[in-house]
Structures are given as C-alpha cells and as structure tokens.
Engineer: 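One structure is given below, represented as structure tokens, and several questions about it will come after.
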Number of protein chains: 2
Amino acid sequence: MEKEKQKRLEAKGYKIGSAANFLGLNREEEEYIELKLALGETLAKQRKQKNLTQIQLAKLLKSSQSRIAKMENGDPTVSLDLLVKSLLAIGATKESIAKAFH
Amino acid sequence: MEKEKQKRLEAKGYKIGSAANFLGLNREEEEYIELKLALGETLAKQRKQKNLTQIQLAKLLKSSQSRIAKMENGDPTVSLDLLVKSLLAIGATKESIAKAFH
DNA sequence: TGACAATATATCATATCTGACATAATTATC
DNA sequence: GATAATTATGTCAGATATGATATATTGTCA
C-alpha cells in the first residue's frame, strides 16, 4: 500500500493494530478497509446517479446526513451491514455490490 | 420466498418488520438475510476444507465456538462485518466472498 | 467577495453486536 | 446404546455502531 493511502486512512481515524507488521496493515485489515471504501464509493455514485443530496438520501434510508457522509467516506464507525443494507435499499443490484469485492 | 425458508428464518429469530408486506420480507430484507446465510455457508465450507473444528477456528479468530456456530447458521446477532472479517482472516479470496452476493 | 447549499467532522445517548460461558442437541465411534 | 466429540442455543456484561445534533468545511454562483 502506498504511503498516501495509509495517511488518508490514518487521518480518517483507523487505528492499525497489527502484531506482524506494525505501522502497516496486514492483508485482512487492508482488504476489509478497501472493501468499505469501495462500497462507500458505490453508494455515492448511485446517489448522484439519482440526483439526490445526502439529506434526501438520509430521509429515504431513515438515517442522517452525517451518517451518509461517513458511509461515503469510509469512516471507521460505519459497518459493512449499514453499507450493504443501504445499497440494497436504494436498489443497487447484488452484482454491483459484489463488484466492490473484486 | 417459499414457506419453508421463511419458517426457518423466523425460527432462527428473525423479526420481520415490513410495512409494505406484513408476514413477509421485502426485497432488501430478503437479500440481506440470504447474503448472511450464504456467507455463513462459505465459512463452514472453508473451515471443513481445513479440517478444523469450530473450537479450533474460534481460537484462530480469537472468537468463541458459539459465535462460530452462529455465524455458520445465520444467527441474527451476527454482523456482515464479523462474517467478512472472519472469511478474510482464514484466507478466503475476495472472489469467494463476492460469490455470496451473486 | 458574500451568501447559500452541500458535504464533512465531532460528540453523545441509545441500540446492537461481541466473546464468554453454560448447557442442550446432535453426530461419530466404539 | 453408552460415551465422547462436535455443534447449536440462551444469556449477559462490555464493546462497538447508530441516528441525531451541532458545527465546520467546501463548493457554487451572483
């Protein structure tokens, strides 16, 4: 992983706790975070495709604008559950969600 | 969704709260649950491929036997995060995880 | 530039998830 | 079919995620 990305992640509040590789992420941790970032990007993309603001989407999902922003930006307090449920709720296909894993 | 599956899910403790379709699941709810079941099956499959008991896997993942069982059976208290993190930790490929979505 | 809309970040009380433990149910081996 | 091994289920205290709210930052357009 390049330094830029790591700084970005650390800035976002990710605490990297890896016994084997201090100051870095091990494979699982990295893949997990990449996954959340990819899902967040997918959510943002779909929202914009529908010409919705974060506030409007928040209403649809019965969530809040701040949480939408956090989802879209890979905030560490956001779960995969919330991301996947949100994507399913706005009609994203399972395929498009699966792509985040590829 | 056929009745058998619904009974299975309700028996497992899923509370179906759907305004549009009482006594049933709406599309998102159904897809979300199917997803967890698919990931749980993947986990069980991979564990057996490695000839591990749930206790052994629990030690590897720093979890507990009961939680492994719950993961493998789609218990409603198990999050996608835990499932995905566990799969990544035992070396499941992103591809094999993505398949659960297809 | 300033004003306004949109997005990002911080914090918190409540809700949900977690490992651990106890114990029940099932399955394998003799 | 008894015993042991494995898996499933119930419960709970502590940990983590959640929507809400406040506020900061960024973008846009006159």
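Note that this is a predicted model, so its numbers are computed, not measured. In the text below, chain A, chain B and the rest are named by the order of the sequence lines, each starting its count at 1. Scope of the values below: all heavy atoms of this structure, side chains included, with no hydrogens, waters or symmetry mates.
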Engineer: Between B:Ser79 and C:dC17, is there a contact of a side-chain N or O with OP1 or OP2 at under 4.0 Å?
Structural biologist: no
Engineer: I need the CG-P distance between B:Leu82 and C:dA20, as an integer number of Å.
Structural biologist: 12 Å
Engineer: Identify the two heavy atoms, one from A:Lys36 and one from A:Pro76, that lie closest to each other, and give their separation to 0.1 Å.
Structural biologist: NZ-O, 3.6 Å
Engineer: Would you say B:Arg27's side chain and A:Leu88's backbone share a donor-acceptor pair under 3.5 angstrom?
Structural biologist: yes
Engineer: Over how many whole Å does the gap from A:Leu39 atom CG to D:dA17 atom P extend?
Structural biologist: 15 Å
Engineer: Under 4.0 Å between a side-chain N or O of B:Gln65 and OP1 or OP2 of D:dA8?
Structural biologist: no
Engineer: In whole angstroms, how far is the P atom of D:dT7 from the CD atom of B:Gln56?
Structural biologist: 9 Å
Engineer: Whole angstrom is fine here: how far is it from NZ in B:Lys70 over to P in C:dA24?
Structural biologist: 15 Å
Engineer: To the side chain of A:Glu72, which of C:dA8, D:dT7, C:dA10 is closest?
Structural biologist: C:dA8
Engineer: Taking the side chain of A:Val78 as its heavy atoms from C-beta onward, which of D:dT18, D:dT9, C:dT7 lies nearest to it?
Structural biologist: D:dT18
Engineer: Students often get this wrong, so: under 4.0 angstrom with heavy atoms, is A:Ser64 touching a base, only sugar-phosphate, or nothing?
Structural biologist: base
Engineer: Whole-Å distance between C:dA28 P and B:Gln54 CD?
Structural biologist: 13 Å
Engineer: Is the terminal nitrogen or CZ of B:Lys85 (NZ for Lys, CZ for Arg) located under 6.0 angstrom from the six-membered ring centre of A:Tyr32 and within 45° of that ring's axis?
Structural biologist: yes
Engineer: Considering heavy-atom distances to DNA chain D, does B:Asp81 or B:Leu52 have its closest nucleotide positioned more toward the 5' end?
Structural biologist: B:Leu52
Engineer: With side chain to side chain contact (heavy atoms under 4.5 Å, CB included) as the criterion, how do B:Arg47 and B:Ile90 come out once you've worked through the C-alpha distance, each side chain's angles and the decisive distance to 0.1 Å?
Structural biologist: CA-CA 8 Å; B:Arg47 172 176 67 79; B:Ile90 66 171; 5.7 Å; no
Engineer: Whole angstrom is fine here: how far is it from CG in A:Asn73 over to C1' in D:dA24?
Structural biologist: 15 Å
Engineer: Separation of A:Arg67 atom CZ from D:dA20 atom C1', in whole Å?
Structural biologist: 10 Å
Engineer: From the options D:dT18, C:dA8, C:dT7, select the nucleotide whose nearest atom is closest to the side chain of A:Ile55.
Structural biologist: C:dT7
Engineer: State whether A:Ser66 places a side-chain N or O below 4.0 Å from either non-bridging phosphate oxygen (OP1 or OP2) of C:dA10.
Structural biologist: no
Engineer: How many Å lie between CG on A:Asp75 and P on D:dA20, as a whole number?
Structural biologist: 17 Å
Engineer: Closer to the 5' end of DNA chain D via nearest nucleotide, is it B:Lys48 or B:Lys85?
Structural biologist: B:Lys48
Engineer: If you group Ile, Leu, Val, Met, Phe, Trp and Tyr by side-chain heavy-atom gaps below 4.5 Å, do B:Leu39 and B:Leu60 land in one group?
Structural biologist: yes
